[in-house]
Amino acid sequence: MKWLVLLGLVAFSECIVKIPLRKTLSGKNMLNSFLKEHISSPDSNLTIRPLRNIVDMLYVGNITIGTPPQEFQVVFDTGSSDLWVPSVFCQSLACATKVMFIHLQSSTFRPTQKVFNIEYNPGRMKGLLVYDTVRIGDLVSTDQPFCISLAETGFEARILGLNYPNISFSVAIPIVDNLKNEGAISELVFAFFLSKDKWEGSEVMFGGVDHRCYEGELNWVPLIQAGNWIVHMDCISMKRKIIACSGGCEALVDTGTALIKGPRRLVNNIQKLIGPMPRGSKHYVSCSAVNTLPSIIFTINGINYLVPALPYTLKDSRGNCYTTFKENTVRTSRETWILGDVFLRLYFSVFDRGNDRIGLARAV
């Protein structure tokens, strides 16, 4: 989820841990084989929990907060750095239909007086910085700083940010940093396998990589600079012609964004080349003609990443097909694209904080 700006800050072991968004392992022999193959330490933890693909727009998984634990579904988001959930303090209509954190029910809760505002694209939230125990499966972060909302608008889900600490709105230590500091994970590495399946198949893993999730070799792409999951993209092409990013551009690899977003003029040009009919905020194509539409190639670090028409089209609630290219409303000084879940369903992604790089390979 693309972050914007901080507004109004007041005072303010080696293991692989997998949170499925993929089918869990079954059978004692298979589990033992997997542990032997992927985990070198005999006391390493392997945690697998079910997560869901919600109509190809969100990938959510369970975490718990507090003592005793209160459960929440969150988006594991590489576009932001803060963890936040709704609270009983929130009086906004947006909070009324959500599970809210009840601080009085947690014996390990610790408040602060630091109030701040977060603005995402879209949505905004006024939050209070607090501390409590947070669990992602078997991973435990004690006295973890996170945000509880006092007011919010425009959000579909809660957020667990996986970006660098420097873009935290609350100036709090992100949970992956705390997990590393506490020895719960040996490396600041996490990876995503995003499936088209609605109920099973997808996963996020911490501390390592399940090599069975991709084919071939991982192609490592250095970040433009440490501090954000942004890489240099060479160009975007269709039918061997460059249609965007002609002189090179920036690309944010963002698990919290569903679509592929870019500057309005260039997105409009791509839409014209595809030929959809605009209707409301979407551009529709005939579902029967999707297989005849051209593929689009994103070239990153000299490697071509093909996105065929079927993956870059989705169906609305009435079964009508629309394209997934959309204007990025965040103004930037350079041409910037956001490669969201449409792209990441095709390409397994590894986020390596220790080496400031992203690994991409074709997902199985």
Side-chain angles (χ1 to χ4, degrees), residues 1 15-26 31 45-88 90 94-95 97-103 105-109 125 130-149 152 155-163 174-176 178-179 182 184-185 190-208 210 213 255-256 258 341 344-345 351:
M1 185 170 294
C15 71
I16 298 174
V17 177
K18 300 167 61 184
I19 312 295
L21 304 156
R22 205 159 66 105
K23 186 176 294 182
T24 60
L25 294 166
S26 61
L31 178 57
N45 296 318
L46 174 66
T47 300
I48 301 176
R49 296 177 62 86
L51 290 111
R52 288 196 300 150
N53 170 5
I54 301 178
V55 296
D56 290 332
M57 299 301 290
L58 292 173
Y59 287 84
V60 297
N62 293 340
I63 65 168
T64 65
I65 302 175
T67 309
Q70 301 175 42
E71 189 170 70
F72 297 90
Q73 284 193 336
V74 298
V75 174
F76 292 88
D77 176 28
T78 59
S80 66
S81 298
D82 294 292
L83 165 61
W84 70 267
V85 295
S87 76
V88 293
C90 181
C95 293
T97 59
K98 297 177 180 177
V99 176
M100 292 183 283
F101 179 68
I102 305 174
H103 64 287
Q105 293 183 0
S106 176
S107 62
T108 46
F109 175 79
M125 186 270 287
V130 298
Y131 292 79
D132 212 329
T133 299
V134 179
R135 294 175 175 84
I136 307 174
D138 290 339
L139 292 177
V140 181
S141 177
T142 58
D143 207 33
Q144 171 65 41
F146 68 102
C147 315
I148 55 175
S149 65
E152 61 180 78
F155 285 106
E156 297 291 334
R158 303 89 178 157
I159 306 297
L160 189 151
L162 293 172
N163 211 323
I175 188 168
V176 289
N178 257 0
L179 292 172
E182 294 179 8
I185 56 177
F190 45 90
F192 286 85
F193 176 86
L194 301 183
S195 170
K196 185 78 173 177
D197 191 285
K198 298 294 187 292
W199 300 104
E200 61 182 15
S202 302
E203 65 190 18
V204 56
M205 55 199 78
F206 293 89
D210 183 349
C213 291
T255 60
D341 298 341
L344 295 172
R345 273 190 285 273
F351 298 80

Task: Student check: side-chain heavy atoms of Leu83 and Pro145 closer than 4.5 Å - done: no
- [ ] Can you measure from CZ (Phe72) to CZ (Phe101) and round to the nearest 0.5 angstrom?
- [x] 6.5 Å
TODO: Check whether any side-chain heavy atom of Trp84 lies under 4.5 Å from a side-chain heavy atom of Met125, and answer yes or no.
DONE: yes
- [ ] Decide side chain to side chain contact (heavy atoms under 4.5 Å, CB included) for Ile65 and Phe146; before the verdict, give the C-alpha distance in whole Å, the side-chain angles of both, and the deciding distance to 0.1 Å.
- [x] CA-CA 10 Å; Ile65 302 175; Phe146 68 102; 3.6 Å; yes
Open item on the list: For Glu152, is there an ion pair with Arg158 - N to carboxylate O distance below 4.0 angstrom?
Closed with: no
Task: Test log, rule side chain to side chain contact (heavy atoms under 4.5 Å, CB included), inputs Leu160 and Asp77 - done: CA-CA 6 Å; Leu160 189 151; Asp77 176 28; over 6 Å; no
- [ ] Give, for atom CZ of Arg345 and atom CG of Asp197, the distance between the pair rounded to the nearest 0.5 Å.
- [x] 12.0 Å
Open item on the list: When you compare the side chain of Ile54 with that of Val60, does any pair of heavy atoms fall below 4.5 Å?
Closed with: yes
Task: SG on Cys213 to CZ on Phe193, rounded to 0.5 Å - done: 5.5 Å
TODO: Indicate the atoms forming the closest heavy-atom contact of Glu182 with Val140, along with that distance.
DONE: OE1-O, 3.3 Å
Task: Distance-only side-chain donor-acceptor flag, Thr108 / Asp132, under 3.5 Å - done: yes
TODO: Could you grab the distance from atom CG of Leu194 to atom OG1 of Thr255, nearest 0.5 Å is fine?
DONE: 7.5 Å
Task: Taking every non-hydrogen atom, the tightest pair across Ser149 and Pro86 - done: OG-CA, 3.1 Å
- [ ] Calculate, to the nearest 0.5 Å, the distance between atoms CD and OG belonging to Glu200 and Ser195 respectively.
- [x] 8.0 Å
Open item on the list: Give me the atom names and distance for the closest heavy-atom approach of Leu139 to Ala184.
Closed with: CD2-O, 3.6 Å
- [ ] May I ask you to decide if the ring planes of Phe190 and Phe351 are parallel, tilted or perpendicular, using 30° and 60° as cut-offs?
- [x] parallel
- [ ] List the atom of Asp210, the atom of Glu203, and the distance in Å for their closest heavy-atom pair.
- [x] OD2-OE2, 3.9 Å
Open item on the list: If you compare all heavy atoms of Gly208 against all heavy atoms of Met205, which two are closest, and at what distance to 0.1 Å?
Closed with: O-CG, 3.5 Å
TODO: Check whether any side-chain heavy atom of Val88 lies under 4.5 Å from a side-chain heavy atom of His103, and answer yes or no.
DONE: yes
Task: Whether Asp341 side chain and Leu344 backbone form a donor-acceptor pair below 3.5 Å - done: no
- [ ] List the steps and the verdict of side chain to side chain contact (heavy atoms under 4.5 Å, CB included) for Phe206 and Leu162.
- [x] CA-CA 11 Å; Phe206 293 89; Leu162 293 172; 3.9 Å; yes
TODO: Would you check, one step at a time, whether the test salt bridge (Lys or Arg N to Asp or Glu O under 4.0 Å) holds for Glu71 with Arg135?
DONE: CA-CA 9 Å; Glu71 189 170 70; Arg135 294 175 175 84; over 6 Å; no
Task: Side-chain donor-acceptor pair present, Thr78, Asn163, cut-off under 3.5 Å - done: no
- [ ] Give the intermediate values and the outcome of side chain to side chain contact (heavy atoms under 4.5 Å, CB included) for residues Thr64 and Gln70.
- [x] CA-CA 5 Å; Thr64 65; Gln70 301 175 42; over 6 Å; no
